[in-house]
Amino acid sequence: MKKIVILGNGIAGITAARHIRKNADHHITVISGESDHFFSRTALMYIYMGHMKYEHTKPYEDWFWEKNKINLKRAWIDRIDFDQKVLHAGEERISYDALILATGSQPNKFGWPGQDLQGVQSLYHLQDLELMEQNTRNIRRAVIVGGGLIGVEMAEMLHSRNIPVTYLIREEHFWGNMLPKEEATLIDNHLREHGIDLRSQTELKAILDDGNGQVKGIETKDGETIDCEFVGLTVGVHPNIALVKDSPVETDKGILVDDYLQTNIEDIFAIGDCAQLRTPQSHRRAIEAVWYAGRMMGETVASTLAGKPTAYRPGIWFNSAKFFDIEYQNYGQVPAECPEDCDDFYWQCIDGKKCLKIIYEKDSFKVRGVNLFGIRSRHEVWDNWLSQEKTLQEIIADLPKANFDPEFFKQWEGEIQKKYNEEFPNHPISIRKPGILKRLFA
């Protein structure tokens with residue numbers, strides 16, 4: 001029986017613990033300085049908005065861990081003695097036979113003057129949520145810097161409390177480095193419809209001090225001053241590798257791991273946001289700070305530590321998010337700029353809140369990826385289609401099979417198919433007709 005220690009109780013670390021326990025009788029300890037129990041990090045915003053309480057974000061009852069012989073320890077690790085296989089937490093020593101590093105991410109900062117003032121913060125840890133409660137009490141205006149998913153979540157949180165928000169993004173459109181122009185413009189418009197003061201191509205120069213260590217405003221690189229009492233820094237994250245940065249563990253941007261998620265040191269593994277694959281698959285990135293990738297890594301390393309060496313093979317890329325009340329799904333590869341060997345098929349609803357974009361190869365018409373906004377689609381269907389290299393015509397013809405919207409919601413596959421037939425008259429398909437009940441209640 002091995003003594004396995006896991007640093008980090010996020011989705012990657014906890015999934016590893018659960019699956020090791022399912023398959024082996026090893027001694028398991030999970031260490032975190034952030035919280036006593038595993039919670040859903042993506043649900044933090046709903047606590048602030050009043051939709052949930054902290055206890056609602058814990059997927060498992062507190063008794064679950066003891067019942068399954070998974071030891072939880074609240075501690076910050078100061079350093080690791082790799083020769084002796086010992087973790088140091090103050091005066092305490094914790095030994096291990098195998099160590100899993102699941103230390104997650106850290107928010108980016110870029111050395112702006114005033115970035116450490118009171119009222120300036122990011123949103124990643126549970127402690128950040130508690131700080132945001134204090135920092136946003138009785139404020140008149142907030143400024144958010146950075147056009148990513150955490151930024152739009154923070155904007156929605158502040159909006160729920162009727163706090164005016166000015167949102168600075170350096171790109172021409174929101175998430176302009178990730179989304180094609182049409183989809184990015186759709187989200188721009190949606191944010192502004194919700195009263196968000198979205199400033200594109202605007203960069204932060206400095207955060208201004210009121211003379212008492214509190215933020216009083218910001219200055220842009222264009223010389224404009226915006227008064228505010230809160231600044232949210234949401235300019236992305238980076239792998240949290242501080243604990244092993246100057247150690248025998250090899251690092252780059254993240255902790256370098258092989259296909260089995262093992263570092264250069266025997267019996268030490270890294271998973272989740274902090275891990276960087278040495279040889280990622282051609283259709284995947286070396287670092288993928290998304291929930292489901294962490295979960296899959298946790299399952300993979302658990303199999304290896306349970307005696308079944310397993311390579312990490314994540315399959316087709318998938319991501320999802322929500323921009324206020326527009327849901328987003330992405331399957332496969334849909335870059336901001338369409339590749340030269342590809343073309344795209346785009347449909348947008350007249351309401352400006354729903355769209356679909358499919359990227360396909362010009363020669364073969366094989367589909368490489370899809371973006372969906374405002375339409376729920378079935379993950380397993382798109383995963384199968386992309387894995388089987390289905391063509392644009394095949395997918396559009398079968399599009400109703402992917403629909404995941406609740407009954408009586410209006411379904412848009414017929415309009416999408418009509419648009420396809422208009423653009424590809426030489427390869428027409430039969431157009432789906434919605435059922436009577438769906439038409440009546442649309």
Atom CG of D363: over 12 foreign heavy atoms under 6.0 Å: no

Closest heavy-atom pair and its distance - I144, G151: CD1-O, 3.7 Å

Whether H194 and F324 hold their rings parallel, tilted or perpendicular, with breakpoints at 30° and 60°: tilted

H51 and Y46 aromatic ring geometry - parallel, tilted or perpendicular at 30°/60° bounds: tilted

Nearest atoms (heavy-atom pairs only) where S247 meets F82: CB-CE1, 3.5 Å

Plane angle bin for W412 and W347 - parallel if under 30°, tilted between 30 and 60°, otherwise perpendicular: tilted

Which atom of V381 lies closest to which atom of A402, heavy atoms considered: CG1-CB, 3.8 Å

Derivation and outcome, side-chain contact (heavy atoms from CB on, under 4.5 Å), residues Q106 and Y124: CA-CA 8 Å; Q106 288 279 34; Y124 182 83; 5.5 Å; no

K322, NZ: over 12 other non-hydrogen atoms inside 6.0 angstrom: yes

Whether W382 and Y331 hold their rings parallel, tilted or perpendicular, with breakpoints at 30° and 60°: parallel

Neighbour count above 12 (heavy atom, 6.0 Å) for K109 NZ: yes

Shortest non-hydrogen separation from I287 to K253 and the atoms involved: CD1-CB, 3.8 Å

Side-chain (R93) to main-chain (G90) donor-acceptor, under 3.5 angstrom: yes

Residue pair M157 / M49: nearest heavy atoms and the distance that separates them: CA-CG, 3.9 Å

Steps toward salt bridge (charged side-chain N to carboxylate O under 4.0 Å, His left out) verdict (D197, R192): CA-CA 6 Å; D197 176 25; R192 292 186 172 114; over 6 Å; no

Identified side-chain contact (heavy atoms from CB on, under 4.5 Å) counterpart of V143 within the set V120, I207, T166, T220: T166

Backbone N/O of K308 and side chain of T310: donor-acceptor pair under 3.5 Å: yes

N/O donor-acceptor pair under 3.5 Å between R21 side chain and H26 backbone: yes

F64 six-ring centre to R18 NZ/CZ under 6.0 Å and within 45° of normal: no

E288 side, atom CD; D273 side, atom CG - distance, nearest 0.5 Å: 10.5 Å

Parallel, tilted or perpendicular: rings of Y292 and H379 (30°, 60°): perpendicular

W112-F110 aromatic ring centre distance below 6.0 Å: yes

K357 charged N/C atom sitting above Y346 aromatic ring, 6.0 Å / 45°: yes

Side-chain donor or acceptor of Q333 paired with backbone N/O of H283 under 3.5 Å: yes

Contact list for residues 364-382, test salt bridge (Lys or Arg N to Asp or Glu O under 4.0 Å), sequence neighbours left out: E327-R376, D341-R368, E361-R368, K366-E389

Any donor-acceptor pair under 3.5 Å from T57 side chain to A43 backbone: no

K85, NZ atom: more than 12 neighbouring heavy atoms under 6.0 Å: yes

Donor-acceptor contact below 3.5 Å, side chain D209 vs main chain G213: yes

Cation-pi, F230 ring and R141 (6.0 angstrom, 45 degrees): no

Centroid separation Y260 to F269 less than 6.0 Å: no

For P180 against V334, the heavy-atom pair lying closest together: CG-CG1, 3.9 Å

Donor-acceptor pair, side chain of N330 and main chain of V370, under 3.5 angstrom: yes

